[in-house]
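Here's the structure we're looking at; comments come further down.
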There are 2 protein chains.
Amino acid sequence: MTVCRRARRREIVLFQRLASCFDNTGFCGIGVDAIAEAAETNKMTLYRHFGSKDDLICEALRFTSEKAAAFWDLLEASHPNDPMAQLQSWVKARAQCLADDKYGCDLANAAVELKEQGHPAHVVIENFKLAQRRRLEKLCRDAGVSEPELLSDTLSMLMEGAQVSKLATGSEGPSMRFMRACEAAIASFRQPARNTADTVGSEA
Amino acid sequence: MTVCRRARRREIVLFQRLASCFDNTGFCGIGVDAIAEAAETNKMTLYRHFGSKDDLICEALRFTSEKAAAFWDLLEASHPNDPMAQLQSWVKARAQCLADDKYGCDLANAAVELKEQGHPAHVVIENFKLAQRRRLEKLCRDAGVSEPELLSDTLSMLMEGAQVSKLATGSEGPSMRFMRACEAAIASFRQPARNTADTVGSEA
DNA sequence: TCGAATAGTTACCGACCGGTCACACCTATG
DNA sequence: CATAGGTGTGACCGGTCGGTAACTATTCGA
């Protein structure tokens with residue numbers, strides 16, 4: 001058991017160093033040797049902890065997603081019993097991430113890059129994104145907006161879109177208005193219920 | 001000169017076959033041999049037309065972006081002198097692409113995958129996305145909405161976000177509400193000017 | 001129809017890929 | 001202090017990578 005704990009401790013250290021390792025190169029574009037170097041270790045040690053490169057990627061993504069889950073707990077604790085303040089705090093935090101992280105969410109990038117069907121990372125990505133969606137939707141619902149599902153998905157899309165847009169056109173592209181777009185969306189759903197799709201004449 | 005035209009014709013055929021070639025595998029995940037097979041030719045012919053794999057990727061992206069430019073002309077022709085109808089038509093067309101294309105915009109995917117600085121594809125991607133942004137913003141402005149720049153960037157982010165979100169969580173994720181989100185955004189900017197960020201109490 | 005330009009084929013290059021092996025080296029714990 | 005569990009090192013495997021050479025077959029324009 002003590003050995004097990006020793007190994008686990010080592011893995012956590014590895015994960016932390018691995019977290020920002022795929023950012024520059026992507027997942028296919030980096031070799032296991034380079035990964036090992038970034039993790040300040042060597043290839044054999046990596047292969048003693050993980051069955052394969054794909055397995056390693058999965059575990060690294062899982063680690064990242066668990067760290068992100070902690071963010072939500074922090075968010076709820078920061079404004080207890082004030083979901084609207086939490087929602088605004090979420091926007092602010094996402095805008096901060098957008099400004100800080102040069103390359104967006106690892107999970108989202110992995111979804112784009114590893115799109116061959118059946119890649120083991122897919123279930124990690126999907127579980128993470130669905131969990132995020134659930135929490136955001138709950139937040140919107142608790143905040144009492146008129147259409148919580150629609151607002152939640154709008155904010156999700158704005159967030160993902162801002163990140164890929166920043167990769168494509170830099171920080172002076174559409175992503176520069178991410179925060180204002182979120183605020184406008186929230187504001188438009190705050191008033192009772194009437195201005196969603198009735199003024200746009202589209203059938204189906 | 002005639003030979004030049006002959007070669008150019010061949011290149012166009014190659015491009016058309018290449019267009020959907022990177023969709024399944026990404027750009028790093030496919031070898032030149034496989035690319036040649038997908039283009040129904042062989043590696044030597046590819047290398048006689050393009051200097052390198054990166055060059056080939058750039059040209060393929062450029063071809064795709066030129067095809068996309070034609071879409072805008074079609075859009076304007078479909079509803080002459082009715083920018084709001086064009087805007088709604090844009091939303092509908094993007095929703096259709098979202099439903100049809102299994103993997104989103106090649107240019108956006110390339111931006112995510114080829115994020116090493118200095119990759120020659122970056123200028124192609126950036127030029128394309130900025131051009132799209134300009135046209136969308138002009139459309140919003142002509143449609144007479146209250147904040148054309150903000151609406152345009154909101155729609156851009158929703159579009160990019162819907163695509164990556166679909167890759168991450170499938171068509172039942174946030175992307176399922178892409179069209180409604182766009183319509184709500186347009187609607188909220190149609191009325192005079194007052195509901196953008198004043199109800200959300202955020203300083204800075 | 002002739003000749004030049006292009007396409008196809010095959011084999012090949014060095015480099016690197018993911019992954020494994022054997023073996024020496026640490027280091028924490030009994 | 002002995003030892004088992006973990007780490008570091010370097011060589012190695014077969015396969016594939018991007019890219020090229022040499023040569024033949026085909027096609028198209030004058």
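Here is the naming used below: chain letters follow the sequence lines, and residue numbers restart at 1 for every chain.
- Between the P atom of C:dT9 and the CD atom of B:Glu37 lies a distance of 12 Å, rounded to the nearest Å.
- Judged by distance alone, the side chains of B:Thr45 and B:Asn42 do bring a donor and an acceptor atom under 3.5 Å apart.
- Distance from the side chain of A:Thr45 is smallest to D:dT7 among C:dG19, D:dG19, D:dT7.
- Atom CD1 in B:Ile57 sits roughly 14 Å away from atom C1' in D:dG19 (whole-Å rounding).
- Following rounding to the nearest Å, B:Tyr47 (OH) and C:dT10 (P) show an atom-to-atom distance of 19 Å.
- In this structure, a donor-acceptor pair under 3.5 Å is absent between the side chains of A:Asn109 and A:Glu113.
- Between the CZ atom of B:Phe50 and the P atom of D:dG18 there is a distance of 15 Å, rounded to whole Å.
- What separates CG of A:Asp33 from C1' of D:dC12 is a distance of 13 Å, to the nearest Å.
- Between the side chain of B:Lys53 and the main chain of B:Phe27, a donor-acceptor pair closer than 3.5 Å is present.
- At the heavy-atom level, B:Ile30 lies under 4.0 Å from the strands shown only through sugar-phosphate atoms.
- Under the 3.5 Å distance criterion, the side-chain polar atoms of A:Lys115 are left unmatched by any main-chain donor or acceptor of B:Tyr103.
- When atom types are taken as modelled, the side chain of A:Thr41 and the backbone of A:Ala36 share no donor-acceptor pair closer than 3.5 angstrom.
- Among the protein residues, B:Leu56 comes within range of no part of the nucleic acid, since none of its heavy atoms lies under 4.0 Å from any strand.
- Each of B:Lys43 and B:Glu40 was assigned the nucleotide of DNA chain C with the nearest heavy atom; the assignment lying further toward the 5' end belongs to B:Glu40.
- For the pair A:Lys53 NZ and C:dC16 C1', the interatomic distance rounds to 12 Å; values are reported in whole Å.
- Taking 4.5 Å as the limit, every side-chain heavy atom of A:Phe63 sits out of range of all side-chain heavy atoms of A:Glu59.
- Residue A:Thr41 places none of its side-chain N or O atoms closer than 4.0 Å to OP1 or OP2 of D:dT7.
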Distances under 3.5 Å only, N/O to N/O: pair up the protein atoms with those of nucleotides 22-24 of chain C.
none

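- Note on B:Asn42: a side-chain N or O is less than 4.0 Å away from OP1 or OP2 of C:dG8.
- Salt bridge annotation for B:Glu137-B:Arg141: present, with a cationic side-chain nitrogen under 4.0 angstrom from a carboxylate oxygen.
- Within the structure, every side-chain polar atom (N or O) of B:His49 is placed at least 4.0 Å from both OP1 and OP2 of C:dT6.
- Summarising the geometry, the separation between CG on A:Leu46 and C1' on C:dC21 is reported as 17 Å, rounded to the nearest angstrom.
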